[in-house]
Amino acid sequence: MNDRRALLTSSAGMRLIAQTTLYNNGDMARLRSFIAEHYTPTSLEAESAVRRAQAWQIVREQIGRLRVRQVIGFDKLHVIVLMQAERELDALFLNEVYVEEEYPHKIAVYVHQRIGG
């Protein structure tokens, strides 16, 4: 199974695709709305949608867009994806997403961590 198909078969993968698409388009208002709607209340209590969107804006200004380099692991509720940045080709980023089991599969955890470069 290719990486794109793996992500499309996972609720966590679909959330990762949606958020990454908004991030890559640079539409931070829509990204903030996505976060507000698709993150669990507990995760939003820890860090608001506004703060999360601001953090992603800073990341985008520093490294540019992100693209999937390899899906490391996935199941319906969890994905681990290696991503590469537009401006820092030698840097790799590990993105890990967990979603709730119940529909609409809100994001409980989203980790974006630099691992190389």
Side-chain angles (χ1 to χ4, degrees):
M1 178 178 295
N2 70 29
D3 290 344
R4 180 167 172 78
R5 184 172 166 131
L7 292 176
L8 291 172
T9 62
S10 164
S11 295
M14 292 294 291
R15 294 288 182 247
L16 175 83
I17 290 169
Q19 182 166 321
T20 302
T21 299
L22 293 171
Y23 166 87
N24 282 343
N25 289 340
D27 190 343
M28 294 303 145
R30 285 191 61 205
L31 178 61
R32 185 178 59 248
S33 295
F34 174 86
I35 292 169
E37 184 178 337
H38 296 286
Y39 276 60
T40 65
T42 303
S43 14
L44 293 173
E45 285 174 17
E47 187 174 24
S48 72
V50 170
R51 300 247 345 187
R52 288 175 189 268
Q54 288 170 340
W56 280 111
Q57 176 67 42
I58 291 166
V59 169
R60 192 168 191 294
E61 289 168 2
Q62 292 174 347
I63 66 171
R65 295 175 295 185
L66 291 167
R67 72 173 181 90
V68 173
R69 181 152 175 195
Q70 182 178 358
V71 173
I72 296 171
F74 74 97
D75 64 26
K76 181 179 172 162
L77 304 175
H78 178 215
V79 294
I80 303 170
V81 179
L82 190 63
M83 301 187 96
Q84 187 168 25
E86 175 181 38
R87 292 193 195 117
E88 296 185 31
L89 298 177
D90 60 335
L92 297 174
F93 298 85
L94 190 68
N95 286 39
E96 187 167 12
V97 179
Y98 288 92
V99 297
E100 292 182 314
E101 188 171 353
E102 299 80 31
Y103 183 82
H105 310 294
K106 290 190 174 200
I107 296 171
V109 176
Y110 194 115
V111 176
H112 172 78
Q113 180 179 5
R114 183 186 196 107
I115 60 168

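One-based numbering along the sequence shown.
For the atom pair CD of Q57 and CZ of R32, the computed distance is 10.5 Å after rounding to the nearest 0.5 Å. Interatomic distance, M83 CE to Y23 OH, rounded to the nearest 0.5 Å: 9.0 Å. L44 contributes atom CG, which lies 8.0 Å from atom NZ of K106 (distance to the nearest 0.5 angstrom).
Annotation: E101, atom CD; neighbour count of heavy atoms from other residues, nucleotides and ligands within 6.0 Å does not exceed 12. Around atom CE of M14, no more than 12 heavy atoms belonging to other residues, nucleotides or ligands sit under 6.0 Å away.
For the pair I107/L16, no side-chain contact is recorded, criterion being any heavy-atom separation below 4.5 Å from C-beta on. E96 has its side chain out of reach of Q113: every pair of non-hydrogen atoms, C-beta onward, lies at least 4.5 Å apart. Here the side chains of V97 and V81 are not in contact, with every heavy-atom distance at 4.5 Å or above. At a threshold of 4.5 Å between non-hydrogen side-chain atoms, the residues Y110 and N95 count as touching.
Taking each heavy atom of K76 and S10 in turn, the nearest pair found is O-OG, 3.3 Å. Residues I35 and A53 come closest through the heavy atom pair CD1-N, 4.0 Å. For V79 against A12, the heavy-atom pair with the smallest separation is N-CB, 3.9 Å. Residues A108 and S43 approach most closely at O-OG, 3.4 Å, considering heavy atoms. Considering all non-hydrogen atoms of both residues, E47 and R51 come closest at CG-CB, 3.8 Å.
With sequence neighbours excluded, no residue forms a side-chain hydrogen bond (donor to acceptor under 3.5 Å, both in side chains) with E102.
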Name every donor-acceptor pair, under 3.5 Å, that has one atom in a side chain of residues 62-74 and the other anywhere in the protein, sequence neighbours excluded.
unit_1 : atom_1 : unit_2 : atom_2 : d
R65    : NE     : E86    : OE2    : 3.2
R65    : NH2    : E86    : OE2    : 2.6
R67    : NH2    : Q84    : OE1    : 2.7

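Remark: side-chain polar atoms of R87 are paired, donor with acceptor, to backbone N or O of R60 under 3.5 angstrom. A donor-acceptor contact shorter than 3.5 Å is absent between the side chain of T20 and the backbone of I17.
Here the rule is side chain to side chain donor-acceptor pair (under 3.5 Å) with Y39, and of E45, Q19, R15 only Q19 fits it.
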(message) With ring-ring contact (aromatic ring centres under 6.0 Å, His included) as the criterion, how do W56 and F34 come out once you've worked through the C-alpha distance, each side chain's angles and the decisive distance to 0.1 Å?
(response) CA-CA 13 Å; W56 280 111; F34 174 86; over 10 Å; no
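Linking Ile, Leu, Val, Met, Phe, Trp and Tyr residues whenever their side-chain heavy atoms come within less than 4.5 Å leaves I80 and Y98 in two separate clusters. The hydrophobic clustering, which links ILVMFWY residues whose side-chain heavy atoms are closer than 4.5 Å, places V109 and L7 apart.
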